[in-house]
Each structure stands twice: as C-alpha cells, then as structure tokens.
Amino acid sequence: ITNLGNAGEVAINADTMLLDNSYIMAQTESGEGGNITLDLKDFLLLRNSSRISSQAGTEGGGGNGGNININIPEGFIIATPKGNSDITANAFKGKGGRVGINAAGIFGITPLSRAKLEELRPDDLEPSKLPTSDITATGATSDLSGTVEIITPQTDPTSGSIEFPTIPVETEVADACSTPGYAQSSFTITGKGSLPPVSGSKGLG
C-alpha cells in the first residue's frame with residue numbers, strides 16, 4: 001500500500017510465510033506510514049531482496065514511519081544474511097516508527113543503527129541498497145529515530161538442540177553495529193522463561 005497520503009494497515013495471520021523477492025508494504029511517498037502486523041505460527045523466511053516496510057516519505061516527503069509488529073513466539077525469522085532483505089520503519093522527514101519482534105529465534109537479519117547506516121550510505125541512508133539483511137527504524141535526525149525491540153528466549157546453549165525449519169540458509173550474521181557513542185534507535189532484548197532477562201535498554205551504535 002503505497003500512496004501520496006497516509007498509508008493503510010496490513011494484518012496477516014498465517015502458519016508460515018515465505019517472501020522471495022516479494023514485498024509487504026504500508027509505506028507512503030508523502031504522509032504517515034501504515035502499520036503492519038504479522039501473526040505467525042512457525043516461521044518467516046526472507047530471501048532475495050524481500051521487504052517488509054512501513055517507511056514514510058520515500059520521495060522526500062513528510063510523515064512518520066509506521067509500526068511493524070511480528071509475533072511468532074514459537075517460531076523463527078530467517079533471512080539470508082547477504083540476501084538484501086530488510087524490515088524498515090524509516091521516515092525521511094519525520095520520526096521513525098517502531099519495529100517489534102517476538103520470536104523464538106532470529107537468524108541472518110540484524111538491527112542496523114543510524115550511525116552505521118550513515119557510514120555505509122551517507123548520501124541517502126537507504127538500507128535497501130546494502131547487500132546485508134537489516135532491521136531499521138531511522139528518522140530524519142538521530143533525535144527522531146524510532147525503536148527496534150526484539151523479544152527472544154534466553155537459551156542455554158548446553159541444554160540441547162533446537163529443531164529448525166528444513167530450509168537451507170547461510171549461517172553467517174551481518175555486523176549490526178560497530179560505531180559507539182551515537183544517539184540511535186534503541187534495541188532491546190527481553191528474556192523470558194527460566195533465565196533472567198538482559199537488563200536495561202541501550203541505543204544501537
């Protein structure tokens with residue numbers, strides 16, 4: 001859903017979802033980004049430059065980024081790390097939106113801070129032009145950045161193995177952030193289950 005006014009809403013409920021060079025969009029060229037909600041049971045697989053986007057102002061117009069909520073508490077989000085698939089709630093002249101993810105595990109796609117994005121794409125801050133698979137919620141300025149919040153279990157690696165979907169993916173993970181000292185989108189990991197959560201929340205970068 002892409003238009004010159006405010007974008008609409010997208011809500012999908014399914015067992016599994018495969019995006020292969022495909023898009024789920026509630027973005028707008030000039031106006032408020034829409035909200036996207038995915039309620040899934042087993043897994044979300046992103047491949048070959050796929051997009052989940054609630055960007056606002058894609059043509060330089062105003063508007064705030066919409067919110068993206070992906071709920072898959074017993075399943076997994078899997079992406080090819082260098083497959084250029086992105087989850088974005090950015091805004092070019094407004095405030096970035098919120099990306100909220102609740103999943104048992106996330107593989108091959110990582111949050112990317114504004115500082116790192118400025119380093120890699122200083123002219124346009126466009127994550128879709130990077131080869132990596134990224135999660136972003138940038139705004140017009142650092143102060144207007146949105147948030148990325150990820151909830152996953154705190155898994156003890158010695159407690160046994162986890163059975164993953166039988167889909168081949170690359171196992172390398174892209175560098176999410178390596179530039180300290182900047183005010184950026186926040187990235188929070190909240191634990192659940194028998195182990196204590198990671199305390200606090202800090203900005204990326």
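Index from 1, following the sequence. Just so we're clear, the structure is a prediction, and the values are computed from it rather than from any experiment.
- Note on L144 and I68: separate hydrophobic clusters, where clusters join Ile, Leu, Val, Met, Phe, Trp and Tyr whose side-chain heavy atoms are under 4.5 Å apart, directly or indirectly.
- For the residue pair N48 / D20, a side-chain donor-acceptor distance below 3.5 Å is found, with atom types taken as modelled.
- Contact record, S49 with Y23: O-CE2, 3.8 Å, taken as the closest heavy-atom pair.
- No donor-acceptor distance shorter than 3.5 angstrom exists from the side chain of D86 to the backbone of T88, with no hydrogens or angles considered.
- The nearest pair of heavy atoms linking A104 to E74 is CB-C, 4.1 Å.
- The closest side-chain heavy-atom distance from F92 to Q55 is below 4.5 Å.
- Looking at every heavy atom in both residues, P153 comes nearest to A103 through CD-O, 3.5 Å.
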- I would like to know whether D39 and N13 meet side chain to side chain donor-acceptor pair (under 3.5 Å); could you show each step before the answer? CA-CA 5 Å; D39 289 301; N13 192 314; 4.8 Å; no

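- Atom CZ of residue R114 and atom CG of residue L117 lie 8.0 Å apart, to the nearest 0.5 angstrom.
- A salt bridge links K116 with E119: the closest approach of a Lys/Arg side-chain nitrogen to an acidic carboxylate oxygen falls below 4.0 angstrom.
- S133 places no side-chain N or O within 3.5 Å of a backbone atom of I109 that could act as its donor or acceptor partner.
- In this model, a donor atom of one side chain and an acceptor atom of the other lie less than 3.5 Å apart for D134 and T132.
- With rounding to the nearest 0.5 Å, the separation of CG in N35 from CZ in R98 is 10.5 Å.
- Put simply, the side chain of I150 reaches to within 4.5 Å of the side chain of V148, judged on heavy atoms.
- Distance alone, capped at 3.5 Å, places no donor-acceptor pair between the R51 side chain and the N21 backbone.
- With hydrogens and angles disregarded, no donor-acceptor distance shorter than 3.5 Å links the side chain of N69 to the backbone of I36.
- Looking at R47, its side chain never comes within 3.5 Å of a backbone N or O of L19 through a donor-acceptor pair.
- Taking both residues in full, the closest heavy atoms of N64 and A56 are given as O-CB, 3.2 Å, listed atom of the first, atom of the second, then distance.
- Closest approach of T16 to D42, counting heavy atoms only: CG2-CB, 3.5 Å.
- Side-chain atoms of N102 do not come within 3.5 Å of backbone N or O of I72 as any donor-acceptor pair.
- Using a 4.5 Å heavy-atom threshold, the side chains of I101 and I77 count as touching.
- Of the possible donor and acceptor atoms, none in the side chain of S145 sits under 3.5 Å from a partner among the backbone N and O of D143.
- Note that CG of L38 is 6.5 Å distant from CG of L44, once rounded to the nearest 0.5 Å.
- Of the possible polar contacts, one joining the S50 side chain to the S22 backbone as a donor-acceptor pair under 3.5 Å is found.
- Looking only at atom types and distance, the side chain of E149 has no donor-acceptor partner in the side chain of T147 under 3.5 Å away.
- For the side chain to side chain contact (heavy atoms under 4.5 Å, CB included) with I87, the qualifying choice from I135, T136, I24 is I135, the only one to do so.
- Taken from CD1 in I78 to OG in S85, the straight-line distance is 12.5 Å, to the nearest 0.5 Å.
- Between M17 and I12 the shortest side-chain heavy-atom distance falls below 4.5 Å.
- Using modelled atom types and a 3.5 Å distance limit, the side chains of Q27 and S53 yield a donor-acceptor pair.
- In plain terms, the two heavy atoms of A91 and G63 that are nearest each other are CB-O, 3.5 Å.
- Taking NZ from K129 and CG from D123, the interatomic distance works out to 9.0 Å, rounded to the nearest 0.5 Å.
- Summarising the geometry, atom CG belonging to L18 is positioned 7.0 Å from atom CZ belonging to F43; distances are rounded to the nearest 0.5 Å.
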